[in-house]
Engineer: 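There's a structure below that I have some questions on.
Naming: A, B, ... by sequence-line order, numbering from 1 per chain.
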Protein chains: 2
Amino acid sequence: MCPMESLDEKPKRRTFKGLAPEERQRERHERFMEAGLALYGTRGYHGVTVKELCAEAKLTERYFYESFKDREALFGAVYQRQVEQLRERVLAVIRRHLPDPRAMARAGLETFFQGLREDPRCARILFVDVLSISPAMTEQSRQVTSGLSGFLLQFTQALYPQLRAQGLDPEIVATGLVGACINVAMHWVYGGFAQPVEAVRDNCYALFEAMILTWSVKTSKPG
Amino acid sequence: MCPMESLDEKPKRRTFKGLAPEERQRERHERFMEAGLALYGTRGYHGVTVKELCAEAKLTERYFYESFKDREALFGAVYQRQVEQLRERVLAVIRRHLPDPRAMARAGLETFFQGLREDPRCARILFVDVLSISPAMTEQSRQVTSGLSGFLLQFTQALYPQLRAQGLDPEIVATGLVGACINVAMHWVYGGFAQPVEAVRDNCYALFEAMILTWSVKTSKPG
DNA sequence: TACTTCTGACAATGCTTCATGTCAACATGT
DNA sequence: ACATGTTGACATGAAGCATTGTCAGAAGTA
């Protein structure tokens with residue numbers, strides 16, 4: 001009985017199982033992120049409940065709402081992480097193949113596809129469910145893919161500054177090429193990786209190269 | 001009081017409001033189909049309840065379950081109808097432009113995009129929600145897009161029988177081209193049709209042409 | 001008019017989910 | 001050993017949903 005006891009005293013946070021409070025919380029957060037990847041990535045967003053996420057994370061609802069506002073917030077966090085992981089990986093590989101544009105593009109594509117094969121769960125998260133959750137998530141996805149085609153655009157224009165598409169809108173073409181990769185990836189993943197990754201990489205690269213070639217031809221001999 | 005009254009007598013079906021029983025049922029079915037298109041196409045599959053579908057159709061739950069086993073069955077029917085409508089329209093236009101392959105492809109593409117602009121609701125149904133409902137619906141969508149790339153393949157190979165893709169898998173390329181059109185369409189629709197339909201059509205056609213050109217080049221002068 | 005079918009409004013059931021709350025058991029530092 | 005922070009199991013409540021059922025009245029038939 002301490003005499004100066006305040007009425008709204010904060011509980012003293014302390015270590016537990018050898019971990020500081022922040023560490024424990026981060027670990028719980030992490031477990032939910034992995035549970036989200038596991039369940040959302042296999043059964044989709046709408047088929048998964050908070051209770052199931054908790055069971056997968058071996059934690060209880062209380063801690064779920066400690067880390068995330070709701071189911072959608074967890075999905076958004078998982079989505080964003082997957083995007084950034086894949087992006088970093090692809091960019092790193094592209095950098096490693098500087099300055100050969102052909103090698104850069106092919107290696108980037110291969111890394112993209114290999115990432116999906118290593119963890120097919122992220123394919124569903126990145127390309128399917130994100131579009132059917134809420135307008136906010138749809139917009140987030142739109143920005144990601146727009147950013148991707150923007151990068152693609154910048155990339156090709158830096159490599160081939162002389163390219164001027166006659167009557168073509170580079171933004172639309174870039175959107176198309178991104179869509180091509182995504183659709184190929186989806187069919188590849190859902191088809192059980194029937195083709196070797198090199199085949200997928202080469203065929204997608206062929207689309208890129210075809211466009212560059214077309215642009216060169218159109219610009220070098222107009223009409 | 002008829003003396004021979006059977007215990008399990010079937011109710012005599014009769015006309016009502018000048019319509020035969022079958023006509024009435026068909027009309028109810030139709031109203032649910034339109035309600036499904038309206039609500040699924042704007043708010044998505046998961047955000048719509050049976051009650052809302054009934055309100056939109058101005059009918060009651062009883063009649064919903066008369067026509068459809070559940071919400072998913074209605075979605076499947078709406079999806080299938082939209083696929084077939086768009087396909088018929090595109091095929092009709094393509095036929096009308098025989099035998100000029102360039103005109104056929106461009107007109108087909110334009111009809112595809114124009115169909116989406118006339119009724120943006122079907123974009124969501126055809127490309128987004130169908131993938132996140134159930135494995136069965138996902139498979140149905142897969143078959144549709146596979147059929148589409150199959151047609152594309154057959155089309156180009158019929159027009160350019162000499163084309164032999166060196167080291168390329170025509171199936172993957174076709175999948176990519178279909179994905180390109182779908183992604184361009186999605187961004188076009190969700191971006192509020194910022195570009196004129198001719199621009200979208202021409203840029204997608206450019207992708208097609210680029211591939212054909214690439215194949216021709218690769219086959220005529222190998223290496 | 002008398003009878004039957006058809007229709008719409010809505011109640012009822014049973015289930016599931018989200019989100020919060022309770023509480024005893026456990027772990028820790030003193 | 002004790003007081004207290006921490007945890008997991010479970011309870012609770014409000015809400016929403018799918019599906020079936022009830023019933024009075026409108027619309028057709030004879």
Side-chain angles (χ1 to χ4, degrees), chain A residues 1-3 5-29 31-32 35-36 39-40 43-75 133-134, chain B residues 1-32 35-36 39-40 43-75 133-134:
Chain A
M1 47 157 69
C2 87
E5 185 173 9
S6 155
L7 285 171
D8 51 283
E9 205 173 2
K10 296 171 194 165
K12 292 174 205 159
R13 309 169 74 218
R14 68 182 183 205
T15 70
F16 206 78
K17 304 216 176 177
L19 297 172
E22 303 77 23
E23 288 177 297
R24 273 173 310 182
Q25 167 152 359
R26 276 199 334 115
E27 198 165 281
R28 287 193 290 261
H29 186 95
R31 283 164 77 174
F32 280 119
L39 297 190
Y40 288 151
R43 290 164 37 202
Y45 174 77
H46 295 282
V48 174
T49 70
V50 174
K51 227 181 256 291
E52 290 169 323
L53 289 163
C54 294
E56 177 76 19
K58 295 192 197 304
L59 289 167
T60 55
E61 292 97 318
R62 180 148 57 104
Y63 294 113
F64 181 87
Y65 292 105
E66 171 199 47
S67 275
F68 304 96
K69 188 181 151 291
D70 49 30
R71 253 184 338 143
E72 183 174 332
L74 172 59
F75 185 93
I133 293 177
S134 70
Chain B
M1 49 156 70
C2 83
M4 295 298 286
E5 187 174 7
S6 155
L7 285 172
D8 53 287
E9 202 172 2
K10 295 173 196 166
K12 290 174 206 158
R13 309 170 74 220
R14 66 182 180 203
T15 70
F16 206 78
K17 303 213 177 179
L19 298 171
E22 303 77 22
E23 286 177 298
R24 273 174 290 150
Q25 167 151 0
R26 276 199 333 119
E27 199 166 282
R28 287 193 291 260
H29 186 95
E30 195 51 34
R31 284 166 75 174
F32 279 119
L39 296 190
Y40 288 151
R43 291 165 37 204
Y45 174 77
H46 296 283
V48 174
T49 70
V50 174
K51 228 182 255 291
E52 290 170 321
L53 289 163
C54 294
E56 177 77 19
K58 295 191 195 304
L59 289 167
T60 54
E61 292 97 319
R62 183 149 55 103
Y63 294 112
F64 182 87
Y65 293 104
E66 172 198 47
S67 275
F68 303 97
K69 188 179 152 291
D70 49 30
R71 253 183 339 140
E72 182 174 332
L74 172 59
F75 185 93
I133 293 177
S134 70

Engineer: So, for B/Glu61 and B/Val50, which heavy atoms are closest and what is the spacing to 0.1 Å?
Structural biologist: CG-CG1, 4.3 Å
Engineer: What string of B, S and - do you get for nucleotides 23-30 of chain C 5' to 3' if you count protein non-hydrogen atoms under 4.0 Å?
Structural biologist: ----BBS-
Engineer: Is any side-chain heavy atom of A/Thr49 less than 4.5 Å from a side-chain heavy atom of A/Arg71?
Structural biologist: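 With C-beta onward as the side chain, the pair stays apart.
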Engineer: So do the side chains of A/Arg28 and A/Phe64 get within less than 4.5 Å of each other, counting heavy atoms only?
Structural biologist: no
Engineer: Output the rounded distance in Å from CZ (B/Phe32) to C1' (D/dA18).
Structural biologist: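 Interatomic distance, CZ of B/Phe32 to C1' of D/dA18: 14 Å.
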Engineer: What integer distance in Å separates A/Gln25:CD from D/dT7:P?
Structural biologist: 10 Å
Engineer: Report yes or no: do B/Glu72 and B/Ser134 form a side-chain donor-acceptor pair below 3.5 Å?
Structural biologist: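 Side chains of B/Glu72 and B/Ser134: pair found under 3.5 Å.
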Engineer: Could you tell me how far apart A/Arg31 (CZ) and D/dG8 (C1') are, to the nearest whole angstrom?
Structural biologist: 11 Å
Engineer: Tell me which residues in residues 63-72 of chain B put a heavy atom below 4.0 Å from DNA chain D, sorted by number, or none.
Structural biologist: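 Contacting residues: B/Tyr65, B/Asp70, B/Arg71.
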Engineer: Consider the side chain of B/Glu61, meaning its heavy atoms from C-beta on, and name the nucleotide among C/dC10, C/dT20, D/dA18 that approaches it most closely.
Structural biologist: C/dC10
Engineer: In whole angstrom, what separates A/Leu39's CG from C/dT17's P?
Structural biologist: 13 Å
Engineer: For the side chain of B/Arg24, counting heavy atoms from C-beta on, which of C/dT7, D/dT7, D/dA9 is nearest?
Structural biologist: C/dT7
Engineer: Take atom CG of B/Leu59 and atom C1' of C/dC10, then tell me their distance rounded to the nearest Å.
Structural biologist: 15 Å
Engineer: According to the interplanar angle, ranging from 0 to 90°, do the rings of B/Tyr40 and B/Tyr45 count as parallel (below 30°), tilted (30 to 60°) or perpendicular (above 60°)?
Structural biologist: tilted
Engineer: Between atom CD in A/Glu27 and atom P in D/dT7, what is the gap in whole Å?
Structural biologist: 10 Å
Engineer: Of all heavy-atom pairs between B/Leu53 and B/Gly36, which one has the smallest distance, and what is that distance?
Structural biologist: CD2-CA, 3.8 Å
Engineer: Measure NE2/A/His46 against P/C/dT17 and give the value in whole Å, please.
Structural biologist: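 Computing the A/His46:NE2 to C/dT17:P distance gives 15 Å.
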Engineer: Would you mind reading off the distance between B/Lys51 atom NZ and C/dA9 atom P, rounded to a whole angstrom?
Structural biologist: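 In whole Å, C/dA9 P lies 12 Å from B/Lys51 NZ.
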Engineer: Could you tell me whether the side chain of B/Phe32 reaches within less than 4.5 Å of the side chain of B/Cys54, counting heavy atoms only?
Structural biologist: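 SC-SC contact between B/Cys54 and B/Phe32 confirmed.
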Engineer: For the pair B/His29 and B/Phe68, evaluate ring-ring contact (aromatic ring centres under 6.0 Å, His included) and give the outcome as yes or no after the intermediate values.
Structural biologist: CA-CA 8 Å; B/His29 186 95; B/Phe68 303 97; 4.6 Å; yes
Engineer: Sequence neighbours left out, what passes salt bridge (Lys or Arg N to Asp or Glu O under 4.0 Å) with A/Arg43? Give chain and number order.
Structural biologist: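 By the salt bridge (Lys or Arg N to Asp or Glu O under 4.0 Å) rule, A/Arg43 matches A/Glu52.
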